[in-house]
Amino acid sequence: MSGDHQTLALLLFSAFIAATLAITTWVSRNRRGSAEEFYAGGRLFSPMENGFAIAGDYMSAASFLGISGLIALYGYDGMLYSVGFLVAWLVVLLLVAELVRNCGRFTLADVVASRMSERPVRIAAGTSSVAVSVLYLVAQMVGAGSLVALLLGGTSEAARSWTVIGVGALMVIYVSLGGMRATTWIQIVKAVLLMAGAIAMTVLVLTRFHGDFNQLLISAAERSGHGKDFLSPGLKYGGSWTARLDFISLGLALVLGTAGLPHILSRFYTVPTARAARRSVVWSIGLIGSFYLMTIVLGFGAAAVLGTDEVRQSNAAGNTAVPLLALDLGGGAGSTGGTVLFAVVAAVAFATILAVVAGITLASSASVAHDLYASLRWRHAKQHSEVAVARVAAAGIGVAAIALGLLARDLNVAFLVGLAFAVAASANLPVLLYSLFWRNFTTRGAVWSVYGGLIPAVVLVVLSPVVSGSPEALFPGMDFHVFPLQNPGLVSIPLGFLAGWIGTVTSTEPPDAAKHAETEVRALTGAGAV
């Protein structure tokens with residue numbers, strides 16, 4: 001990339017970072033320091049504001065960089081991510097949003113602990129929430145490294161490493177100083193920027209093909225090197241029985257995982273009522289649906305304009321397809337238009353990463369402080385000490401995410417998020433649904449449900465081709481994989497539900513009918529909700 005690209009994009013990066021740090025500083029001067037303020041922003045956000053913030057939280061680097069890259073590389077099969085991420089919101093809207101807002105206070109564990117023995121349930125749910133969050137954070141770190149390496153002229157390992165470290169440091173600052181209120185405003189600003197950038201790019205791609213989407217697809221197929229197979233199922237997930245099972249596994253993980261993501265669930269507590277939570281989801285579905293339709297145009301546009309080979313040469317996982325497409329649409333390398341559009345898109349993608357990592361870090365630090373610390377220390381830990389622990393936890397989680405991000409820097413970011421969704425669907429979703437809808441659910445069932453999904457999901461990932469046994473693995477020189485699938489969802493999600501059922505039916509503890517009735521009334525009516 002030319003010096004103009006670097007200078008302009010770095011100026012835009014700096015402007016966004018300065019603006020978000022200003023928001024964080026302003027919010028930190030006007031906060032009360034309570035747990036409700038730190039975790040939920042005082043529950044003062046409107047449905048529209050929260051809808052934009054949810055969209056900002058959800059439309060991550062995986063969406064903007066990873067999905068478009070996968071479509072550019074694999075055509076039809078890459079679209080599974082777009083469809084899966086969007087359909088998942090129907091599960092959230094119909095089964096989770098309103099009930100979680102009524103039953104909980106700050107975290108997923110609040111919902112389950114309302115009718116169970118608090119300590120074991122909070123420890124289990126808090127552990128799984130941190131595991132999901134760290135996996136999700138790694139994907140954002142990898143996206144940041146790929147983006148800045150491209151900006152600085154190739155695949156400089158030092159640049160990628162320092163970028164990952166810098167993003168980790170910024171996310172700790174956002175969370176520690178500003179809490180949920182600063183994080184929410186950063187996400188709103190980022191959602192507006194991302195939608196504007198995606199709309200502009202989509203219009204330019206369609207204009208290049210005179211508004212003829214059919215011609216766009218034909219050109220993409222021709223330049224992909226795969227011909228008509230590029231527009232048919234099976235290019236990535238049709239080669240063998242394991243690839244087909246991987247397709248089903250990934251689809252399950254994407255559709256069911258959203259409802260178990262800690263940073264998405266925590267957003268429902270930032271509005272004053274359950275009705276506002278439901279309306280937030282409606283706003284977010286509109287924004288997210290529009291965005292994922294545009295990623296399809298951008299992915300096929302990258303294949304048609306650049307060619308699949310050029311996308312793969314820049315980044316084997318396809319993470320840089322959209323910035324390269326922007327460069328070409330603006331007039332090509334060396335042109336003023338190309339320089340400006342590339343810099344704007346790179347800055348928007350970087351803003352996306354910063355906003356998402358702030359939301360995930362806040363949710364995971366809340367789980368550490370509100371669930372793990374409060375359970376292990378004493379039942380009613382003082383609010384100010386709990387918030388202090390959350391700030392320290394944010395730093396610890398940042399360090400863990402940086403270390404794993406440096407290790408996984410050559411994997412596709414959308415693929416990494418698919419793993420996080422699988423763990424969320426395996427560990428968090430079963431216990432959440434059982435707690436809300438099963439009258440006889442017990443404490444043992446809740447604990448077994450979380451660990452029965454979390455442990456198999458993590459173990460299967462470690463023993464899969466993702467970690468060893470393939471050229472694209474984390475450890476390409478080693479081979480200890482025994483599980484053939486890349487995504488564990490097909491096995492681990494049913495195990496989570498099965499473990500919860502077995503734990504409940506073998507439990508000696510009688511189910512508490514009165515607590516279930518109280519939870520049911522609160523979930524459906526909002527009576528007694530915080």
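Residue numbers count from 1 along this sequence.
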J.: Would you say that Arg208 contacts Leu329 through its side chain, given a criterion of any heavy-atom pair below 4.5 Å between the two side chains?
T.: yes
J.: Side-chain contact, heavy-atom cut-off 4.5 Å: Val271 with Ser46?
T.: no
J.: Which pair of heavy atoms, one from Ser449 and one from Val431, lies closest together, and at what distance?
T.: OG-N, 3.4 Å
J.: Just how far is it from atom OG1 of Thr183 to atom CD1 of Ile188, taken to the nearest 0.5 Å?
T.: 11.0 Å
J.: With rounding to the nearest 0.5 angstrom, report the CD1 to CG distance, Ile397 to Leu137.
T.: 8.0 Å
J.: So Gln187 and Phe52, do their side chains get closer than 4.5 Å, heavy atoms only?
T.: no
J.: Strictly distance-based, threshold 3.5 Å: is any side-chain N or O of Asp246 a donor or acceptor partner for the main-chain N or O of Gln486?
T.: yes
J.: Quick one: list whatever passes side-chain hydrogen bond (donor to acceptor under 3.5 Å, both in side chains) with Arg279, sequence neighbours left out.
T.: none
J.: List the atom of Gly489, the atom of Ala422, and the distance in Å for their closest heavy-atom pair.
T.: N-CB, 4.1 Å
J.: Between Leu135 and Phe421, is there a side-chain heavy-atom distance shorter than 4.5 Å?
T.: no
J.: For the residue pair Ser280 and Arg267, establish whether any side-chain heavy-atom pair is separated by less than 4.5 Å.
T.: no
J.: Applying side-chain contact (heavy atoms from CB on, under 4.5 Å) to Leu362 and His263, what does each step give before you reach the verdict?
T.: CA-CA 8 Å; Leu362 179 61; His263 65 290; over 6 Å; no
J.: For the CG atom of Leu99 and the CG atom of Leu436, what is their distance to the nearest 0.5 Å?
T.: 5.5 Å
J.: Return the minimal non-hydrogen interatomic distance between Ala53 and Thr184, and the atom names on each side.
T.: CB-CG2, 3.7 Å
J.: Quick check: are there more than 12 heavy atoms from other residues, nucleotides or ligands sitting under 6.0 Å from CH2 of Trp89?
T.: yes
J.: Any heavy-atom pair between the side chains of Ile54 and Phe268 that's under 4.5 Å?
T.: yes
J.: Work out which heavy atom in Val345 is nearest to a heavy atom in Ala326; give both atom names and the distance.
T.: CG2-CB, 3.6 Å
J.: For Pro456 versus Leu495, what's the shortest heavy-atom pair and its separation?
T.: CB-CD1, 3.8 Å
J.: Can you tell me if Ser249 uses its side chain to pair, donor with acceptor, with the backbone of Leu490 under 3.5 Å?
T.: yes
J.: Is any side-chain heavy atom of Ile288 less than 4.5 Å from a side-chain heavy atom of Phe291?
T.: no
J.: Is it true that a side-chain atom of Lys190 and a backbone atom of Val348 form a donor plus acceptor pair closer than 3.5 Å?
T.: no
J.: Just by distance, with hydrogens left out, do Thr258 and Tyr58 show a side-chain donor and acceptor under 3.5 Å apart?
T.: yes
J.: Using the rule given for side-chain contact (heavy atoms from CB on, under 4.5 Å), can you reason through Val311 versus Thr320, listing the C-alpha separation, both sets of side-chain angles and the distance that settles it, and then say yes or no?
T.: CA-CA 7 Å; Val311 172; Thr320 54; 5.7 Å; no
J.: Can you confirm whether Val205 sits close enough to Val305 that some side-chain heavy atom of one is under 4.5 Å from a side-chain heavy atom of the other?
T.: no
J.: Identify every side-chain donor-acceptor pair in residues 293-301 under 3.5 Å, counting partners at least two apart or on other chains, and give the distances.
T.:
unit_1	atom_1	unit_2	atom_2	d
Thr295	OG1	Ser82	OG	3.0
Thr295	OG1	Tyr292	O	2.7

J.: Using a 6.0 Å cut-off, check whether atom OH of Tyr434 has over 12 heavy atoms from anything other than its own residue.
T.: yes
J.: Give the C-alpha distance, both sets of side-chain angles, the deciding distance and a yes or no for side-chain contact (heavy atoms from CB on, under 4.5 Å) between Glu49 and Trp283.
T.: CA-CA 9 Å; Glu49 289 169 344; Trp283 271 100; over 6 Å; no
J.: Mind checking the CG-CD1 spacing from Asn428 to Ile264? Nearest 0.5 Å is all I need.
T.: 12.5 Å
J.: What closest approach, in Å, do Ala457 and Val423 show between heavy atoms, and which atom pair accounts for it?
T.: CB-CG2, 4.0 Å
J.: Please report the interatomic distance CD1(Ile493) to CG(Leu429), rounded to the nearest 0.5 Å.
T.: 8.0 Å
J.: Out of curiosity, Leu250 CG to Asn487 CG, how far, rounded to the nearest 0.5 Å?
T.: 5.5 Å
J.: Using the side chain to side chain contact (heavy atoms under 4.5 Å, CB included) definition, which of the options Ile199, Leu206, Leu204 pairs with Thr202?
T.: Leu206
